[in-house]
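Working notes, structure below.
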Amino acid sequence: MRFLRNYWGHLLVPGLAFAYGAFALWELTTGQFREATIIYTYVIAIPMLILGVISLVVDLRRRDAATGSEEQEAGERAGAEEPDAPGGARRVFWVVAASIVLILVLPYVGYVIGFFLYVLALLWAVELRNWVAAFIIAVIMTAVVHFVFAGLLGQDLPIGPLTFLES
Amino acid sequence: MPDALFEGFQLFLANIWIVPLGVLIGMFVGGMPGLTSSGTLAMLLPVLLVLPPELGLLLGVSIYAGAEMGNSFPSVMLNIPGTAGGAVTAFDGFPLMKEGKAAWALGICIMASVVGALIGGLASLTLSPQIAAIALRFGPAEICIVILFGLAVIAQLSSGGLAKGLFAGFFGLLLATTGTDPTFGTQRGTFDIVYLYDRLPIIAVLVGLLGFSEVLVYVEKGMTRLLKPGDELPQHQIGLSGIFSGLKETFKYPWELLRGGAIGVGIGAMPGAGASVATFVSYQQAVAFAKPERKAMFGKGAPEGLIAADVTNNAVVGGALVPLLTLGIPGSGSMAVLLVVMTYHGMYVGPRLFQFSGEIAYAVLISQFFAAGFILVIGIVLAFFAYRVALLNLKMMVPIISVFCLMGGFARNNFLFDMGVMVAFGCLGYIMKKFNYPVVAMLLGVILGRLFEREFMRAWRIGLDSPELFFTSVIAQLLWVLFIFTFVGPPLIRFIRRKMKGGAS
């Protein structure tokens with residue numbers, strides 16, 4: 001558990017790849033597929049799994065080797081180039097959550113209401129507290145989606161309760 | 001031929017007005033994430049059919065050319081490539097934008113696109129029969145080797161270490177197998193989700209991995225400006241002077257221009273390969289032949305990378321016209337729409353096109369040179385306004401980029417599911433960036449994986465389940481030699497030069 005708590009971030013990408021790789025191999029092995037398809041997938045999945053383990057081991061050893069001031073240097077090598085502003089993870093969570101909620105409610109509220117509220121939510125998430133500016137940006141972006149994507153380019157966006165947009 | 005060429009030129013001059021219109025539409029479409037020139041041409045098909053054939057074809061080719069340049073704008077400014085081919089522009093364009101050199105980068109993109117269009121035009125006008133003859137000798141095995149050139153970028157551009165780069169690349173290749181098997185038609189990795197039956201939505205994946213992940217990075221860091229306080233830029237890299245400086249900068253890399261142009265024409269002429277393969281191969285070549293001290297700059301804002309991507313993107317247009325006009329074979333989706341226009345108007349499609357409708361064919365080929373001119377003018381005007389995005393407050397940019405990312409994911413198939421895929425890959429890209437996994441390598445695997453599998457399986461089946469086909473033809477053998485030379489050649493040449501210098505001193 002302690003291992004997972006300390007290294008969860010480093011485990012995420014290889015973990016995802018391993019899970020998908022395992023699923024792909026399991027599906028091919030248990031399903032009815034041609035031999036060529038199975039071989040092709042194995043040829044890709046096996047090196048991926050091996051390289052994933054190597055990357056993970058290198059990453060963890062690098063992290064373990066880093067202590068005190070060295071840890072900061074290693075952190076920089078591992079991608080954290082700049083120290084994050086406080087509340088960064090929370091802001092990321094809200095942006096992702098707002099995006100997922102938008103996708104889920106879009107069929108019901110329609111793109112006009114949906115994108116308007118989405119832009120407001122994002123501006124709130126990034127801590128822009130000038131509500132007049134936020135309102136203007138939300139109106140402009142909704143108008144862009146309406147006139148450019150739905151109007152000019154004919155994208156088939158869900159209109160929700162605003163049925164008059166159908167024409 | 002001279003008569004037909006002269007008549008073609010006259011015909012073109014009579015209809016020249018359609019070219020700037022087409023370039024403008026194309027640049028607009030190319031600038032919209034998720035929209036492709038082939039999709040737009042298909043949408044405009046009723047208009048193209050109503051117009052006289054010469055006008056319809058000129059409009060179609062101009063839109064295609066404009067779109068190939070237009071997709072550089074969102075790639076550079078927002079890290080949201082409009083097409084798979086535009087993704088390579090983002091590799092070096094967006095880092096330059098983050099350094100505040102957006103105007104300069106756009107200037108390079110514009111001039112590289114113009115040069116690419118001119119090379120494509122010149123090659124298709126003068127060497128069409130020869131190019132077509134060679135291109136058609138490229139079977140699945142040869143195309144497979146060409147794609148390998150593109151995939152080799154993974155090994156050359158692994159900022160987080162070779163193992164991580166290869167791992168991300170193989171992960172991308174595995175993800176590319178999602179959907180219906182291109183050879184046998186069975187479904188894999190779809191989790192029984194109907195939206196994945198075809199394949200993973202590529203545009204949504206690349207918009208997520210590049211664009212949305214970047215938004216999350218900004219949000220996490222709480223950045224308000226791209227440039228840090230105290231950062232000062234040389235005057236020649238911003239504003240109109242920045243654009244013109246970028247235009248001039250392009251000519252400092254003549255080899256990249258020529259090589260990228262040649263690759264664009266060659267791969268553009270191969271049916272089924274297209275701009276995405278061409279730009280990746282061109283980029284790989286630029287990396288392979290770069291000096292060691294410059295090699296490290298690729299992916300961090302190297303002008304050579306930007307030039308390699310954009311010159312190739314536009315040279316592909318000329319290349320794609322070659323099999324269409326000489327043999328009646330459409331090499332891409334856009335060309336297929338133009339083929340429909342040609343057949344609808346009863347034009348002879350095939351080798352005798354130049355005999356029966358030579359003036360129209362030449363008018364189309366000549367139009368590429370003028371399209372290049374209009375790309376330059378319209379591109380500079382658009383860049384003059386576009387580069388200012390870099391100066392905006394990032395807090396305001398976050399929702400704007402996010403909306404474009406969501407619409408970019410949605411636009412291709414009009415599925416809300418694709419928006420979800422975009423967000424999921426945005427999160428994955430964000431985590432990858434945080435832990436130093438090269439996103440570009442995964443992207444490459446996802447984009448080229450499908451094509452590679454299709455061509456590999458075709459070659460495998462043609463060879464009766466034997467790899468022999470990959471080594472028997474002269475072209476395949478030549479490509480293998482070139483492939484090995486790409487890795488061994490540059491260090492070998494440098495070693496010999498060093499030895500010779502040592503000997504001389």
Side-chain angles (χ1 to χ4, degrees), chain A residues 9-10 12-13 16-17 20-21 23-24 27-28 33-34 36-37 40-41 44-45 47-48 51-52 54-55 58-59 77-80 82 84-85 87-89 91-92 95-96 99-100 102-103 106-107 115 118-119 122-123 125-128 133 137 141 144-145 148-149 153-158, chain B residues 29 32 35 43 160-161 163-164 166-168 170-171 173-175 177 181 183-184 186 188-189 191 212 215-216 218-223 393-396 398-400 402-403 406-407 410-411 414 416-417 419-420 423 426-428 430-437 449 453 456-457 460-461 465:
Chain A
H10 296 271
L12 267 174
V13 179
L16 271 170
Y20 189 77
F23 166 74
E27 189 187 39
L28 284 165
F33 292 92
R34 299 289 188 101
T37 309
Y40 180 81
T41 313
I44 292 168
M48 184 201 77
L51 287 161
I54 295 170
S55 321
V58 170
D59 238 15
R77 280 200 304 275
E82 288 173 32
D84 298 339
R91 286 193 296 272
V92 170
V95 170
V96 174
S99 306
I100 294 169
L102 171 78
I103 296 164
L106 213 52
F115 275 110
Y118 176 68
V119 173
L122 253 50
L123 288 168
V126 296
E127 292 156 8
L128 185 91
I137 295 169
M141 282 319 292
V144 167
V145 172
V148 178
F149 288 102
L153 300 170
Q155 296 292 308
D156 193 16
L157 283 155
Chain B
V29 168
M32 288 292 146
L35 294 181
M43 219 160 65
K164 276 188 171 178
L166 290 172
F167 162 67
F170 274 104
F171 190 15
L173 284 171
L174 188 67
L175 286 169
T177 62
D181 180 334
T183 315
F184 302 108
T186 44
R188 305 162 296 176
F191 301 96
F212 197 64
V215 169
L216 298 180
Y218 293 156
V219 168
E220 183 184 20
K221 290 190 187 302
M223 290 164 72
N393 184 341
L394 272 180
K395 282 187 177 178
M396 293 182 182
V398 163
I400 296 172
S402 300
V403 168
L406 285 166
M407 286 310 302
F410 178 83
N414 285 4
L416 286 177
F417 178 82
M419 279 191 186
V423 173
C427 295
L428 179 63
Y430 163 71
I431 298 165
M432 287 177 76
K433 282 176 182 171
K434 212 168 157 50
F435 293 98
N436 220 19
Y437 287 92
E453 184 188 4
F456 180 82
M457 288 293 187
W460 192 262
R461 295 198 79 193
D465 292 350

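Remember, it's a predicted structure, so these values are computed and weren't measured experimentally. Lettering follows sequence order; numbering is per chain, from 1.
Side-chain atoms of B/Lys164 come within 3.5 Å of backbone atoms of B/Phe435 as a donor-acceptor pair (strictly under, hydrogens ignored). With hydrogens and angles disregarded, a donor-acceptor distance shorter than 3.5 Å links the side chain of A/Arg91 to the backbone of B/Glu220.
Contact annotation for A/Val58: neither backbone nor side-chain heavy atoms come within less than 4.5 Å of a heavy atom of chain B. Of the two parts of B/Met396, the backbone and the side chain both hold a non-hydrogen atom closer than 4.5 Å to a non-hydrogen atom of chain A. Contact annotation for B/Leu406: only side-chain heavy atoms (C-beta onward) come within less than 4.5 Å of a heavy atom of chain A. When heavy atoms are compared at a cutoff of 4.5 Å, B/Phe184 approaches chain A solely by way of its side chain, counted from C-beta outward. Contact of B/Val398 with chain A is made through backbone and side chain together, with heavy-atom distances under 4.5 Å. For A/Glu27, the part sitting under 4.5 Å from any heavy atom of chain B is the side chain, from C-beta outward, and nothing else. Looking at B/Phe417, there are no atoms closer than 4.5 Å to chain A (heavy atoms on both sides), in backbone or side chain. Within the 4.5 angstrom heavy-atom criterion, atoms from both the backbone and the side chain of A/Leu16 approach chain B. Residue contact with chain B, scored on non-hydrogen atoms closer than 4.5 Å, involves the side chain of A/Leu122 exclusively. A/Pro158 touches chain B through its side chain: at least one heavy atom from C-beta onward sits under 4.5 Å away, while N, CA, C and O do not. Contacts between A/Ile103 and chain B at a heavy-atom distance below 4.5 Å involve backbone atoms as well as side-chain atoms.
For the pair B/Asn414/A/Gln155, a side-chain contact is recorded, criterion being any heavy-atom separation below 4.5 Å from C-beta on. Proximity of A/Val96 to B/Tyr430: side-chain heavy atoms (C-beta onward) are nowhere separated by under 4.5 Å. Side chains of B/Tyr437 and A/Asp59 form a contact here, defined as non-hydrogen atoms less than 4.5 Å apart. Annotation: side chain of B/Leu173 is not in contact with side chain of A/Met48 (no heavy-atom distance under 4.5 Å). The closest side-chain heavy-atom distance from B/Met419 to A/Leu106 is below 4.5 Å. For the pair A/Val13 and B/Phe167, the minimum side-chain heavy-atom distance is below 4.5 Å.
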Evaluate side chain to side chain contact (heavy atoms under 4.5 Å, CB included) for A/Tyr40 paired with B/Thr177, printing each intermediate quantity in order.
-> CA-CA 9 Å; A/Tyr40 180 81; B/Thr177 62; 3.9 Å; yes
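When each of A/Pro47, A/Ala24, A/Ala45, A/Gly21 is checked for heavy-atom pairs under 4.5 Å with chain B, A/Pro47 comes out on top. Comparing A/Val95, A/Leu128, A/Ile54 by how many heavy-atom pairs each has under 4.5 Å with chain B, the most go to A/Val95. Ranked by heavy-atom pairs shorter than 4.5 Å toward chain B, the options A/Leu28, A/Val119, A/Leu102, A/Ile100 are led by A/Val119. Of the residues considered (B/Thr183, B/Leu216, B/Val219), B/Val219 shows the highest number of contacts with chain A, using heavy-atom pairs under 4.5 Å. Listed options B/Thr186, B/Val423, B/Val403 were ranked by heavy-atom pairs under 4.5 angstrom with chain A; first place goes to B/Val403.
Counting heavy-atom neighbours within 6.0 Å of B/Arg188 CZ, excluding the residue itself, gives a total above 12.
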